[in-house]
Amino acid sequence: MTMDLRDLAGEVLAGIGTRPARTALTILGTVLGIGTLVTTLGVSATAGDQIAGRFDSVTATEITVDVNPPARPDSPPTVRWAALDDLARLNGVEAVAAYSQSPAGQEPAVRANTLRDPERVLDRTLPLLGASTALPAAARTEISLGRFFDDGHIRRRDRVAVLGEQAARLLGVTRIDNQPAVFVAGVPFTVVGVLGPVRRADQQGLTGAVIVPWTAADDTLHLGPASSVIVTTSLGAAPLVAGQAPIALSPDDPAAVRVQAPPDPAELRTGVAEDVSGLLLVLGVVSLVVGALGIANVTLVTVMERTAEIGLRRALGARRRHIAIQFLLESTVVGLLGGIIGASAGIVAVVVISVARQWTPVLDAGLAAAAPVAGAAVGLLAGLYPALRAAGMQPVDALRGPG
Amino acid sequence: MSAVIALRGVSRTFASDPPVAALSNVDLRVAAGDYVGIVGPSGSGKSTLLNLLGLLDRPDCGTYALEGVETTGLSDPARTALRGSRIGFVFQAFHLLAHRDVLDNVMLGEVYTGAPRAGRAARAAAALDRVGMGHRRDFRPGRLSGGERQRVAIARALIGEPALLLCDEPTGNLDSVTTGAVLDLFDELRDGGTTLVVITHDEAVSARAARRVRITDGRLSELDAPTAELPAVSAR
Ligand SMILES: Nc1ncnc2c1ncn2[C@@H]1O[C@H](COP(=O)(O)OP(=O)(O)OP(=O)(O)O)[C@@H](O)[C@H]1O
Ligand SMILES: [Mg+2]
């Protein structure tokens, strides 16, 4: 003797629909659990996508190395200028440059000879950089006027200077065909070029600097060995180059240099996703467990309340399995409803959060489909014990009713 | 003459402390079309007997054949199937589902019997017409009078066309007027060939039965010597 499935569905729906308020409250726990999970997973996927997207190819190719000054002035330099060639030979390195720099607060006075107005303040305090020749490429800048100095200038310790864009404006240098000179701490330098805008975000200091061959800088202000090394790499090579840079630059004491490399985009994505989701995922699972306990509790109460009904159904010919299946399906449908409503609410939340942050929402169809299934599974599990209790009742006892 | 009920040497003892011998060595034979009233003081074992007859409970010893089928050795599902298809119950407490309308409640009598869904509403409506409740099929039980509720419960028992209708204090919650209406209905059913076993405290109720059986302390005794007309009724 089997029961018609349509009859079963009818009895289940009637059972759920009997107490709408109670059913709604029972559903709430699952809605919260599933909603939290869907929101958490959706938002972290969206956020991870955003951050990884913003983290574009340019920033992923820039490395800066800060060099500790030598322990004593007469000890050998941490990074020898020749070591730049060793770094440049590494796979994936596109440009390497290094510079020494006048210490902060001890910038030299700089004056240009082009000014005709004797009333104006002539001296500017500007940082002096003693650089190697690849600086424009490594700092992602171009020469807007004239040229950059070359290896010959460095070797001959020529007193030539290239001005940053802002420094040129401050000093009133607008052309170089008239061979303007600048006096750095009273020492004359011939201006051979002016830089354009600097596109590397961490090298904006160059626009206000006077840049001279590192040999000449050492002669004039005793700037000594390089204090910074800047590198650009090909796409994706930055993490590898960053790992090899200390040994290439300072083979005797790799720890004396500090490499600032961009984080790996893939790591960044998962890192963000884990940060955002970790706690909320736990929260979602906890609410889901609470939701399951809620369904179990309410189903158990319902079973007890409907004891007489169970007895009646047994008297009318219902087998134990009919009783078990009915209550199991009732709790499963409650869980399923919770899953559907929770998933919908979660998707709405992801979209709202994304719109508020001007992100493109990332909605996983698999997640949207799995959420109601998870809700139904929660309901099924929660209904197991109450259903077995209901099916285990003796008809005679059940007909007497609860208590 | 075929016996719908054939109890032989049936006992039922509840394993409480102290054990209660609710029925001891009961023999009862009810023929098709019989209308049997079971009377007895409270706690004498009437409901225990009815539960055994309705296959809701198993005897400790003895045999029970329902329509010639020996039931004591049957499995639980087989007894359930027999109960659903051959036995109708009418309870003192009606046991109607409060949130379903009258027609739904009556149709519930067929949900577990394997009867086809097609025509079920029509059969339920016919059963309601039979108990004079055809005009109330869309009502919720809460809006019906006690007598109307019991007639709906009887319609639910009748929809599966049971061989045996078992009633435990069917008029226990009813006043004398509505009791009369229910008893009139029983008379009609008996005239239609239904086998009826009715438990009651009420003299007026048992007086309507063609045959009366008394239970005292779990022992059964025929109240009236069979009258001249009884065999004729039983033989139908
Ligand atoms: N499950 C049980 N466990 C223990 N004792 C029981 C159980 N069911 C019934 N009894 C006892 O068996 C005896 C008969 O009970 P039963 O319900 O058959 O009486 P009854 O004749 O129907 O009484 P009433 O007219 O008051 O309904 C009573 O003494 C009762 O206490
Ligand atoms: Mg009783």
### Atom group of L55(B) that falls short of 4.5 Å from chain A, counting heavy atoms
neither
### Task
Give, as side chain, backbone, both or neither, the part of R320(A) having an atom under 4.5 angstrom from any heavy atom of chain B.
side chain
#### Entry: Which atoms of R83(B) approach chain A - backbone, side chain, both or neither, heavy atom under 4.5 Å
both
### Query
Side chain, backbone, both or neither: which part of R321(A) has an atom under 4.5 Å from a heavy atom of chain B?
neither
### Message
Can you tell me if D27(B) has over 12 outside heavy atoms packed within less than 6.0 Å of its CG?
### Response
yes
### Message
So which atom in V396(A) and which in L56(B) form the shortest heavy-atom distance, rounded to 0.1 Å?
### Response
CG2-O, 3.2 Å
### Message
What's the separation between atom CG in L316(A) and atom CZ in F89(B), rounded to the nearest 0.5 Å?
### Response
8.5 Å
### Message
Can you tell me how far apart CZ (R319(A)) and CG (D76(B)) are? Round to the nearest 0.5 Å.
### Response
9.0 Å
### Query
More than 12 non-hydrogen atoms from neighbouring residues, nucleotides or ligands closer than 6.0 Å to CZ on R219(B), yes or no?
no
### CZ-CG distance between R313(A) and L97(B), expressed to the nearest 0.5 angstrom
5.5 Å
### Rounded distance (nearest 0.5 Å) linking atom CG of L108(B) with atom CG of L312(A)
6.0 Å
### Task
Check whether more than 12 heavy atoms from other residues, nucleotides or ligands sit under 6.0 Å from atom CZ of R22(A), and answer yes or no.
yes
### Query
Taking C-beta and beyond as the side chain, do R120(B) and D7(A) meet within less than 4.5 Å on heavy atoms?
yes
### Query
In this structure, are over 12 heavy atoms from other groups packed under 6.0 Å from E67(B) atom CD?
yes
### Task
Output the distance between atom CG (D4(A)) and atom OH (Y112(B)), rounded to the nearest 0.5 Å.
12.0 Å
### Query
In terms of heavy-atom proximity below 4.5 Å to chain A, should R79(B) be classed as side chain, backbone, both, or neither?
neither
### Query
With a 4.0 Å cut-off, would you call R100(B) and E309(A) a salt bridge?
no
### Message
Can you tell me which portion of L8(A) sits under 4.5 Å from chain B's heavy atoms? Options are side chain, backbone, both or neither.
### Response
neither
### Task
Mind checking the CG-CG spacing from N51(B) to L399(A)? Nearest 0.5 Å is all I need.
7.5 Å
